[in-house]
Protein chains: 2
Amino acid sequence: MSPRRVTLADVAKAAGVSRTTASLVLSGRGRELRISHDVEQRVLKAAEELQYRPNIVSVGLRTGTSRTIGFVSDTVATSRLAGDMIKGALEAARDRGFMLFIGETEGDAALEGLLLQAMQDRQVDGLILASMFTRTIKLPKGITAAPTVLLNALSKQPTPLPAVLPDEVEAGRSAARVLLDAGHRDGIYLIGAGPSLRDVPSGSVAAVERLVGIREALGEAGVKVAGARVCPDWQPEYGLAAAQDLLRTTRPRALICFNDRIAMGVYQALDDFGLKVPADVSVVSFDDHPIASWMRPKLTTVALPHYELGRKAVDVLFTEIDRDRSDPDRVGEVHRVPMPVRSRDSVAPSATAESLD
Amino acid sequence: MSPRRVTLADVAKAAGVSRTTASLVLSGRGRELRISHDVEQRVLKAAEELQYRPNIVSVGLRTGTSRTIGFVSDTVATSRLAGDMIKGALEAARDRGFMLFIGETEGDAALEGLLLQAMQDRQVDGLILASMFTRTIKLPKGITAAPTVLLNALSKQPTPLPAVLPDEVEAGRSAARVLLDAGHRDGIYLIGAGPSLRDVPSGSVAAVERLVGIREALGEAGVKVAGARVCPDWQPEYGLAAAQDLLRTTRPRALICFNDRIAMGVYQALDDFGLKVPADVSVVSFDDHPIASWMRPKLTTVALPHYELGRKAVDVLFTEIDRDRSDPDRVGEVHRVPMPVRSRDSVAPSATAESLD
DNA sequence: TATCGGCGCTAACCCGATTTAGCAAACGAA
DNA sequence: TTCGTTTGCTAAATCGGGTTAGCGCCGATA
């Protein structure tokens with residue numbers, strides 16, 4: 001029914017040459033192997049007219065490559081973060097003519113093993129192991145076969161695999177700087193974690209790193225955190241509860257929320273207490289979740305650069321693929337992707353700052 | 001470096017038989033071709049011990065298959081809908097040992113063409129053409145090569161391709177029924193589209209179908225829509241504006257919002273006018289966007305079954321793949337996936353209904 | 001004893017490309 | 001004229017399986 005695909009043999013026949021010659025010309029090696037200009041043109045013309053495209057499966061069998069990358073994540077659906085990350089990876093891969101296999105493990109090691117096998121069986125040229133929230137993972141064994149990059153994840157064991165992560169420490173500094181730049185020096189409270197580095201939800205790398213950055217930036221400005229409330233889980237209801245608890249005893253001037261979902265609960269608590277954002281209380285947050293721009297006033301937040309993370313992971317993977325594989329004792333580099341501040345409407349200059357004018 | 005893959009030849013040698021025999025045994029055709037039990041066991045044992053897995057690329061070259069499906073959508077990132085849809089497709093494919101190629105066209109026809117070519121070059125066994133919001137699409141040409149299913153999309157031209165879509169009309173009926181069941185008969189307003197079938201955002205299939213369902217269900221109960229406001233785009237700000245406009249002149253008893261983002265704006269407008277959900281006004285909506293369960297009170301909404309849509313598309317695709325390809329003049333079936341009601345806290349019995357007790 | 005047929009297995013070809021090794025013709029130098 | 005070299009191309013092997021055609025052996029039959 002469907003017309004058979006055009007093969008190299010068809011092109012060769014049309015050009016009146018052997019398959020070898022056609023292959024050489026089309027792979028660009030015709031020049032160095034002294035194929036005559038005349039023959040070269042005949043082959044190119046035939047390929048053009050027949051709309052020849054090499055069968056990648058066949059090339060794959062011969063060369064062991066597939067122009068394909070495997071993207072294995074623990075979750076693609078639960079957090080929407082995945083979408084942009086995959087999109088970034090997709091586009092970076094497409095720029096090089098690569099396709100992406102998507103796989104989801106749901107945190108199941110057995111499933112992960114099967115998935116990696118299935119990808120190896122299809123001769124993927126490289127793997128990206130992604131986690132949807134930053135964390136340390138146990139490396140599945142048997143991934144040495146293909147070049148691999150960790151995305152939004154760090155290995156528990158030392159590993160030669162490179163990793164791509166958001167620069168959370170710098171993000172913490174950015175959040176603090178947003179408030180400092182607005183003149184805030186007093187009444188800065190944290191919602192979600194802190195004030196000490198031990199006061200974090202267990203297993204959250206982001207919490208620790210954001211906290212480190214916040215404390216560094218504030219410390220350098222000689223500003224102290226006025227207080228903090230830990231949230232066991234970074235969901236709106238915990239943000240609400242934490243903020244209510246805080247507001248019963250205090251009137252903060254600025255709040256740093258550890259993510260946007262917390263900030264959503266915090267907004268509600270502030271509203272309950274009759275406090276206006278940003279006139280009474282400035283709020284800055286992390287993630288740039290879609291809701292951040294839906295909240296009223298729109299939330300100023302330090303964005304997780306999902307798209308860039310995805311792109312970067314693929315870029316790093318390509319350098320891995322191109323790299324000379326002989327170096328045995330190299331250590332996986334950690335690439336940090338900047339988290340940009342999305343300045344919106346939830347931060348106002350502090351009253352004290354204005355009075356200094 | 002990495003130990004070479006185990007091939008069929010290795011298994012054959014270990015079992016002391018020819019590659020042919022090993023292939024026959026492992027493909028299950030040993031029985032019918034009278035391979036002795038002894039030899040069969042030796043082959044199976046060798047394959048087991050060597051952990052033999054066939055190279056799918058090789059099989060692909062010979063048989064033209066790849067145990068792979070191409071999933072091409074206009075967008076994977078912008079709307080989070082994609083995540084669950086892909087997840088459903090992923091799992092359904094995995095159940096059959098298939099992998100998914102993901103591609104994104106961004107509505108660019110040229111890009112779509114390239115993507116489809118790239119997938120054909122990799123010999124995908126089938127294609128899913130997905131749209132992230134329900135709409136009619138122009139079919140790219142040259143997709144006759146592989147079995148194809150439309151997901152969340154309808155073809156502009158008549159086509160033999162099956163389509164998988166959410167059952168929006170029934171969803172409209174469901175939304176109406178939620179209010180009817182709560183005793184609402186008066187003061188029911190629509191926000192987003194209506195009251196006439198012409199009052200819809202252009203190009204929105206969902207708007208028309210939901211509206212049809214709503215009007216049918218209400219009509220059958222002898223209830224009339226009290227009024228409606230169209231939103232040019234279904235975003236919170238338009239919902240806010242539409243509701244404000246409505247509330248300046250009216251006191252509705254129940255609102256049917258055409259999606260959750262509109263409902264979010266509507267909540268705010270109701271709050272501005274000092275009206276409580278659901279005590280003063282019941283609200284029902286569509287989509288079950290993640291924010292629906294974050295809103296306070298939690299929003300009752302008719303869910304887009306993304307996961308099921310993804311699964312269903314793959315299931316339908318497999319029946320296409322298995323189908324006898326000879327039937328030339330069949331018409332693409334349209335499969336409708338039910339949209340379930342998520343009953344939460346935004347609908348209360350109407351005051352009149354209670355007074356009847 | 002030659003023939004036939006079933007049994008159990010294998011040689012060889014195929015898929016569509018890449019790549020190695022090598023061949024024939026033309027040319028130059030001795 | 002002869003040998004060596006360069007030029008320009010091709011035959012054949014290869015990747016790892018699936019598949020077709022057929023081979024050798026055995027026992028039964030004529």
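In what follows, chains are A, B, ... by sequence order, proteins preceding strands, each numbered from 1. If you're wondering where the values come from, they're calculated on a predicted model, not measured in any experiment.
Here C:dG16 presents its P atom at 16 Å from CG of A:Leu26, a figure rounded to the nearest Å. When the C1' atom of C:dA17 is taken as reference, atom CD of B:Gln123 falls 12 Å away, rounded to whole Å. As rounded to whole Å, 15 Å separates atom P of D:dC9 from atom CD of A:Glu32. Here C:dG16 presents its P atom at 9 Å from CZ of A:Arg5, a figure rounded to the nearest Å. Remark: P of C:dG16 and CD of B:Gln120 are 15 Å apart, rounded to the nearest angstrom. For A:Asn55 and C:dC15, the CG to C1' distance is 9 Å, given to the nearest whole Å.
Between A:Lys45 and A:Glu48 there is no salt bridge, since no side-chain N of the basic residue sits under 4.0 Å from a carboxylate O of the acidic one. Ion pairing between a basic and an acidic side chain is recognised when a charged N comes within 4.0 Å of a carboxylate O; A:Asp121 and B:Arg5 show such pairing.
For A:Tyr52 and C:dG16, the shortest distance from a side-chain N or O to OP1 or OP2 is not below 4.0 Å. Look at B:Ser23 and you'll find a side-chain N or O under 4.0 angstrom from OP1 or OP2 of D:dG18.
Nearest to the side chain of B:Arg29, among C:dT18, D:dT20, D:dG17, sits D:dT20. Of the listed nucleotides (D:dG18, C:dA17, C:dT20), C:dA17 has the atom at the smallest distance from the side chain of A:Arg62.
Side-chain contact check for B:Asp125 and B:Thr65: no donor-acceptor pair (N or O, by modelled atom type) lies under 3.5 Å.
B:Leu61 comes within 4.0 angstrom of a nucleotide base, judged by non-hydrogen atoms across all strands.
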Worked check of side chain to side chain contact (heavy atoms under 4.5 Å, CB included) between B:Phe101 and A:Thr68: CA-CA 9 Å; B:Phe101 276 128; A:Thr68 298; 3.6 Å; yes

Please determine whether side chain to side chain contact (heavy atoms under 4.5 Å, CB included) holds for the pair A:Val59 and A:Arg62, giving the CA-CA distance in whole Å, both sets of side-chain angles, and the decisive distance to 0.1 Å. CA-CA 5 Å; A:Val59 176; A:Arg62 185 64 231 263; 5.9 Å; no

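The CD atom of A:Glu106 lies 4.5 Å from the CD atom of B:Glu91; values are rounded to the nearest 0.5 Å.
Heavy-atom minimum distance, B:Tyr52 versus B:Leu8: CE1-N, 3.4 Å.
Looking at which nucleotide of DNA chain D each of A:Glu40 and A:Ser58 is closest to, the 5′-most match is held by A:Glu40.
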Between the protein and nucleotides 8-10 of chain C, are there any N/O to N/O pairs under 3.5 Å, and if so, what are the atom names and distances?
residue : atom : partner : partner atom : Å
C:dC9   : OP1  : B:Ser36 : OG           : 3.0
C:dC9   : OP2  : B:Ser36 : N            : 2.5
C:dC9   : OP2  : B:Ser36 : OG           : 3.2
C:dT10  : OP2  : B:Ser18 : N            : 3.0
C:dT10  : OP2  : B:Ser18 : OG           : 3.0
C:dT10  : OP2  : B:Thr21 : OG1          : 2.4

Which pairs would a plain distance check flag for residues 27-35 of chain A, meaning a side-chain donor or acceptor within less than 3.5 Å of a matching protein atom at least two apart in sequence or in another chain?
residue : atom : partner : partner atom : Å
A:Ser27 : OG   : A:Ser23 : O            : 3.0
A:Ser27 : OG   : A:Leu24 : O            : 3.1
A:Arg31 : NH2  : A:Glu40 : OE1          : 2.7

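Other residues, nucleotides and ligands place more than 12 heavy atoms under 6.0 Å from the CD atom of A:Gln157.
Taken over five-pair windows at either terminus, the axes of the helix from C:dT1-D:dA30 to C:dA30-D:dT1 are inclined to one another by 90° (rounded to 10 degrees).
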